Amino acid sequence: MSPSSELAGLARKNLPDLLPTLGYAVLWLIGRWIFYKVLRTYFKTLPASSVLKNVGMQEKVLEESFAIIGAVVATVLGFMAFRQSDRGTCGLLNTRGCFRDWPNGTDADVGGARDPSGSIALYHNVELGWYLHYLIKFHLGMGMEDNLQMHLHHFSTIALLLISYLLNLHRAGVLVLSLLNISNPFLHVAKVVHYLEAKADTAAFLSFAVAFFLSRIVAYPLVVLRATLLESYKVHPPFLDPSRHLPVYLAANALLLLLMVMQVQWMAGIVRLLLKAVGGSKDEFKKAGATVDYAKTKHAKGE
């Protein structure tokens, strides 16, 4: 059997496990609609002097508040899946085990003795549902519209999730995605605090900056890129050997490198904000924060 036929067979076998993704996407949309409905009702009770009487600000707070829920869910489910995905030999300090006995040897991880709770499949389905709902929510009249860079991020993450599960790469996939998720709750909390002009504004942003730097700028290249670019074809049997699985090797690493480029760009913006937060005035920090916000509100005239 050729390598391409072998991988295609794996994908066909695993694809039915991802059908719940569509249901989770619908659940995320319903949850967002209810969440928005409840908070908009609350906003109407606020005094006229409140910053949340501004329609544009309401949209921003709604967007980021619901994102906090999604980020926390992803972090918890990712941790559960990480515990089941052969964590003893597939972790931050040892990634060789992420690739052992691939592609067929990892079948036992999913739904078998190593994953009795089905947490690996659940994590992939919920995460895929989240990003699918993110791509269509604005077109259904909910939330804010992402710019091109964020759409690239969403599509890249969806592709990584599909490669991770369909090709039995979930050991490495769960490690990668769990690492990327660490800073997300800090990000969305910092944005809400910033929008509300709370006293903890600077502290919340500093917490996010530290989490982002450690997980995405330090750990990501040292753990993820080193593993997928260098270690991935040094184990036996060969994992993603470029001579046998070149398309998958290139696709997976191209997506991971694209995320690295975007993360460096985001870190540059974070550093600029950090300088404003530490050494500048409150007004300068607020103005700088507005210039790097990734989304565009559909209610821009109300701001």
Side-chain angles (χ1 to χ4, degrees), residues 2-11 14-15 18 74 78 81-82 85-87 89-106 109-110 120 123-124 127-128 131 148-184 212-268:
S2 67
S4 58
S5 299
E6 180 183 29
L7 296 180
L10 281 176
N14 291 331
L15 183 59
L18 295 182
F82 185 51
S85 61
D86 203 17
R87 187 177 63 145
T89 55
C90 178
L92 296 176
L93 301 179
N94 178 19
T95 52
R96 286 288 183 96
C98 299
F99 314 122
R100 189 184 64 245
D101 298 328
W102 183 83
N104 296 313
T106 54
D109 294 348
V110 180
I120 295 172
Y123 174 63
H124 284 79
E127 275 276 74
L128 280 168
Y131 284 103
L148 177 60
Q149 187 181 55
M150 288 309 299
H151 278 303
L152 284 174
H153 172 271
H154 299 336
F155 281 116
S156 298
T157 306
I158 288 172
L160 286 172
L161 283 161
L162 291 174
I163 291 174
S164 170
Y165 196 86
L166 293 179
L167 300 185
N168 282 357
L169 298 176
H170 45 268
R171 290 181 189 165
V174 169
L175 173 63
V176 171
L177 294 162
S178 297
L179 186 62
L180 292 175
N181 281 336
I182 289 174
S183 64
N184 288 343
F212 187 95
F213 178 74
L214 292 178
S215 62
R216 293 185 177 233
I217 303 300
V218 177
Y220 184 84
L222 291 180
V223 176
V224 173
L225 296 182
R226 176 180 59 81
T228 59
L229 286 170
L230 302 177
E231 287 189 350
S232 58
Y233 56 91
K234 291 183 179 179
V235 297
H236 183 79
F239 170 87
L240 289 188
D241 183 348
S243 65
R244 285 173 51 82
H245 304 117
L246 184 61
V248 178
Y249 178 86
L250 292 177
N253 283 293
L255 290 169
L256 292 169
L257 287 169
L258 174 62
L259 287 175
M260 186 72 238
V261 171
M262 288 191 287
Q263 287 163 186
V264 170
Q265 291 178 334
W266 292 335
M267 191 68 220

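These numbers come from a predicted model, not from an experiment.
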query = Which atom pair, heavy atoms only, marks the closest approach of Val218 to Leu214?
reply = CB-O, 3.5 Å
Validation row: Leu15, Leu166 side chains within 4.5 angstrom (heavy atoms) = yes
message = Side chains of Leu167 and Asn14, heavy atoms from C-beta outward: is any pair under 4.5 Å?
response = no
inquiry  = Could you go through Leu161 and Leu18, starting from their C-alpha distance and side-chain angles, then the distance that decides it, and tell me whether this counts as side-chain contact (heavy atoms from CB on, under 4.5 Å)?
reply    = CA-CA 10 Å; Leu161 283 161; Leu18 295 182; over 6 Å; no
key: Val174 to Gly78 - nearest heavy-atom pair and separation   = CG1-O, 3.9 Å
query = Between Tyr123 and Ala74, what is the shortest heavy-atom contact and its length?
reply = CE1-O, 3.5 Å
message = The test is side-chain contact (heavy atoms from CB on, under 4.5 Å); show your working for Leu259 and Val176 and say whether it passes.
response = CA-CA 11 Å; Leu259 287 175; Val176 171; 5.9 Å; no
message = When you measure from the side chain of Tyr220 to the backbone of Leu256, do you find a donor-acceptor pair of N or O atoms at a distance under 3.5 Å?
response = yes
request  = Considering non-hydrogen atoms only, spot the tightest contact between Ser215 and Ser183 and give its length.
outcome  = OG-CB, 4.0 Å
Aromatic ring pairing His151/His154, orientation class (parallel under 30°, perpendicular over 60°, tilted between) = perpendicular
inquiry  = I want to check something: taking the side chain as every heavy atom from C-beta on, are Met260 and Gln263 in contact at a cut-off of under 4.5 Å?
reply    = yes
inquiry  = Could you measure the distance from the OG1 atom of Thr95 to the CZ atom of Arg171? Nearest 0.5 Å is fine.
reply    = 12.5 Å
message = Nearest 0.5 angstrom please: Leu152 CG to Thr157 OG1, how far?
response = 10.5 Å
ask   = Should Leu180 and Val224 count as side-chain neighbours, where that means a heavy-atom distance under 4.5 Å?
value = no
inquiry  = Between Leu128 and Tyr165, is there a side-chain heavy-atom distance shorter than 4.5 Å?
reply    = no
task = Kindly indicate whether the side chain of Leu175, heavy atoms from C-beta on, has any atom under 4.5 Å from the side chain of Leu179.
result = no
request  = Measure the shortest side-chain to side-chain distance between Ile182 and Arg216 over non-hydrogen atoms and say whether it is less than 4.5 angstrom.
outcome  = no
query = Is the shortest heavy-atom distance from the side chain of Leu255 to the side chain of Ile163 under 4.5 Å?
reply = yes
